[in-house]
Amino acid sequence: MLTKSSTSAPFVAGGAEYTSARLAGWEPATLALLSAALLWAGWPVHPAGLALLLLVAFVPYLRMEQLLVRSGASGWKVFRYTYLTLVLWNAFTTWWVSYSTLGGGIAAVVLNALLMCLPTMAFYHTKKRLGSLVGYVSLPIYWIAFEQLHLHWDLTWPWLTLGNGFAEANGLVQWYEYTGFLGGSVWIWLTNILVFGALFGLTTQPRTQRPSLARWLAPVLAIALPILASYLIGSAYQEKGPAAEVLVIQPNVDPYEEKFQGTSNFVPYEEQLNRLIRLTEQQLTPQTKLVLWPETALEEPYWENLIDGNLKIQNVRSFLARHPGLSLVTGITSLKSYPNKEAASETARYRDDAGYYDVFNTAAFFPTATGKIEFYHKSRLVPGVEKIPPALTKFIASIDLGGTVGSYGSQEDRAVFHLPNNGSSLNLGPLICYESIYGDFVAKYVQNGATLLGIITNDGWWSDSPGHSQHLQYATLRAIETRRDVARSANTGISAFINQKGEIMTQTGWWLQTARRYPVHLNSDLTFYVRHGELIGPTTQVLAVLLLVLVIVRLFTSKKTQTHLPS
């Protein structure tokens, strides 16, 4: 708690002079709650205009840290209130994860907030050792370096990457085609620090002079110029590429009660398939080129080497034979066997009756009624649900359970499905659920020739919560980064079509059996972001390492100096 004795120096804010004692009521917990509330209010799926709150949402946190440091608070106390800010933001924004798994929901909130403390506490120590100016410059560097790490390691959970916050208001960030969504993270931190500096100053000493209007020039420009640039880019952009009619299906099979064998009201797989075919044929036209069925639409496990002998696959081929020229992408659960342990992958499991094999969350592509089925294996797997960290996998493998249970298999390359007889213009980049929140990952499909992005997902795990709506909105950012149309098929809402400006052109309702058809555009041009890849994240990681080295050097040199001081 900040007391009058520890905060008695005067300062000026907004042109009126106060003493710190008069702000004793603005205790750290209040400022922590205010920052968390502003971040939550600005986040999708609140009204788009509230996204501007993100540009000032960290100002209370920065003020909290400043007052704590000025009062002589310990680093441990700064950490506690920093964690409070971040855990409240995580809880307010991603509480819905608990619908699918209570333990996973708690872990996502508690542990992700703890990980977010890494860049903020690095900022605290950098400012302490290298001074305020370097300290505040280091904060966005550390934060975005962490976001880049969070996109690629085993515990990846980038849902709250700051650049995602503009998904509902993507008209503000049409320049993502140059920077990717980490450019939005830069923008948020830049404006927050500049606004904070204009209000309270960036030095360790309280401000004693009335701030001039000139102090507000930098924050006003930092807010206004990117918005103006976005408007100019967006207003000038036109959809590119030839049109092709695509159909997405939403079968609406309850994942908790109907979809999977063993659930209380399990719908037999044959009936689920019949529902998919019925919904498709109700909406097909002679112009329809491609149909998307959602993630695990065909859930019964299929051995890839034996798939053509499966009766349900034969029914799918019969359906396609009734509609010449139609291609299909569907989610399935597929299995791949290995002849021995040496040939098996790192994620392979073992059963006495099956040997070594992998389980995949798969997108299966039927180019024609008789064409060879192609497979794409989901590569960005959900931690804890689809992917277990290697150390834990080895621990489980060491226990005799009559076999081993581990992660789903995956693949390294981004496969693109090329539709036949379409002039090589309809090339689909298949994204399975969680993969659609990774900007650099999605860009690789386009580098490999995708002219259309197709998302297949099952968002019913999160019930009617902000989760499935946020997931849909994040896809609009992928459309802007790549300037590709997006076709989205969800098992249980929301299925949609998104144009190259990130505008949702048509969408289904929640919890409906339905379908949507739309003429997408097939762009083959590459954006700056796609051509050059992610530049911001790796750059900040290099800078973060250099800053940490400087902090460590300063720490040891200061200790050495102190030990040589005369007594």
Side-chain angles (χ1 to χ4, degrees), residues 90-91 93-115 150-161 164 253-263 294-301 331-336 345-349 357-363 376-397 399 401 403-411 430-438 441 455-463 465-468 470-472 474-475 490-493:
N90 277 262
T93 312
T94 61
W95 57 268
W96 44 264
V97 177
S98 61
Y99 275 127
S100 58
T101 163
L102 180 59
I106 294 173
V109 169
V110 174
L111 297 180
N112 198 55
L114 189 62
L115 290 170
H150 221 9
L151 289 167
H152 294 281
W153 69 329
D154 287 337
L155 297 179
T156 177
W157 174 241
W159 203 268
L160 294 183
T161 299
N164 283 334
V253 185
D254 188 335
Y256 288 106
E257 297 187 5
E258 299 177 330
K259 185 168 179 58
F260 302 102
Q261 196 163 26
T263 51
E295 178 185 20
T296 62
L298 306 182
E299 165 57 19
E300 181 183 11
I332 68 171
T333 298
S334 69
L335 309 175
K336 179 180 179 181
S345 70
E346 292 182 355
T347 55
R349 313 173 186 205
Y357 68 99
D358 257 321
V359 180
F360 299 103
N361 187 346
T362 300
Y376 165 70
H377 302 134
K378 184 179 180 183
S379 301
R380 289 297 171 91
L381 303 171
V382 181
V385 178
E386 297 176 320
K387 185 172 185 176
I388 302 172
L392 188 56
T393 302
K394 292 178 181 178
F395 171 74
I396 295 174
I399 304 173
L401 299 174
T404 60
V405 177
S407 300
Y408 275 40
S410 62
Q411 69 178 62
L431 302 165
I432 303 177
C433 190
Y434 188 57
E435 294 180 323
S436 63
I437 65 174
Y438 295 86
F441 179 90
I455 299 174
I456 58 175
T457 186
N458 179 13
D459 291 347
W461 299 112
W462 305 327
S463 190
S465 72
H468 72 84
Q470 289 171 359
H471 195 202
L472 167 67
Y474 290 172
N491 173 41
T492 50

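One-based numbering along the sequence shown.
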Distance from [X] atom [atom1] to [Y] atom [atom2], nearest 0.5 Å?
| X | Y | atom1 | atom2 | result |
| --- | --- | --- | --- | --- |
| Glu435 | Glu295 | CD | CD | 9.0 Å |
| Tyr474 | Asn164 | OH | CG | 4.5 Å |
| Thr296 | Ile432 | OG1 | CD1 | 9.5 Å |
| Asp254 | Thr492 | CG | OG1 | 7.5 Å |
| Trp96 | Gln470 | CH2 | CD | 5.5 Å |
| Asn361 | Ile456 | CG | CD1 | 7.0 Å |

Which heavy atom of [X] sits nearest a heavy atom of [Y], and at what distance?
| X | Y | answer |
| --- | --- | --- |
| Ala108 | Asn90 | O-OD1, 3.9 Å |
| Ser436 | Ile455 | CB-CD1, 3.6 Å |
| Thr457 | Cys433 | OG1-SG, 3.3 Å |
| Ser379 | Ser410 | CA-CB, 3.8 Å |
| Leu155 | Pro383 | C-CG, 4.0 Å |
| Gly460 | Pro255 | C-CG, 3.8 Å |

Quick check against the 3.5 Å criterion: does [X] have a side-chain atom that pairs as donor or acceptor with the backbone of [Y]?
| X | Y | value |
| --- | --- | --- |
| Tyr256 | Trp461 | yes |
| Thr101 | Ser98 | no |
| Ser465 | Gly467 | yes |

Notebook entry, point to check: Among His152, Glu386, Lys387, which one satisfies side chain to side chain contact (heavy atoms under 4.5 Å, CB included) with Arg380?
Noted result: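 Of His152, Glu386, Lys387, side chain to side chain contact (heavy atoms under 4.5 Å, CB included) with Arg380 is met by His152 alone.
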Item checked: ring-ring contact (aromatic ring centres under 6.0 Å, His included) involving Trp157 - partner list, sequence neighbours excluded ->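 For Trp157, the residues satisfying ring-ring contact (aromatic ring centres under 6.0 Å, His included) (neighbours in sequence not counted) are Trp159.
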Margin query: Quick one about Thr347 and Ser345 (side-chain donor to acceptor, distance below 3.5 Å, no hydrogens or angles considered), yes or no?
Written below: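 A pair is found: one side chain offers a donor N or O, the other an acceptor, under 3.5 Å apart.
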Next item on the list: Verify the distance criterion only: is there a donor paired with an acceptor across the side chains of Asp358 and His377 at less than 3.5 Å?
Entry: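 There is no such pair (donor and acceptor under 3.5 Å, judged by atom type) between the side chains of Asp358 and His377.
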Determine whether [X] and [Y] make a side-chain contact, defined as any pair of heavy atoms from C-beta on separated by less than 4.5 Å.
| X | Y | answer |
| --- | --- | --- |
| Phe360 | Lys378 | no |
| Thr362 | Thr333 | no |
| Asn491 | Val253 | yes |

Note to self: Could you check whether His471 and Trp462 have their ring centres less than 6.0 Å apart?
What the structure shows: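 Yes, the ring of Trp462 comes within the 6.0 Å limit of the ring of His471, centre to centre.
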Next item on the list: Just jot down the side chain to side chain contact (heavy atoms under 4.5 Å, CB included) partners of Pro158, sequence neighbours excluded, or say none.
Entry: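 Pro158 satisfies side chain to side chain contact (heavy atoms under 4.5 Å, CB included) with Leu151, Thr156, Thr161, Tyr434, Ile437, Tyr438 once adjacent residues are dropped.
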Margin query: Under the rule for salt bridge (Lys or Arg N to Asp or Glu O under 4.0 Å), what residues qualify as partners of Glu300, not counting sequence neighbours?
Written below: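 Glu300: salt bridge (Lys or Arg N to Asp or Glu O under 4.0 Å) contacts with Lys312.
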Next item on the list: Could you check Glu299 against Lys259 for salt bridge (Lys or Arg N to Asp or Glu O under 4.0 Å), going step by step and ending with a plain yes or no?
Entry: CA-CA 8 Å; Glu299 165 57 19; Lys259 185 168 179 58; 5.7 Å; no
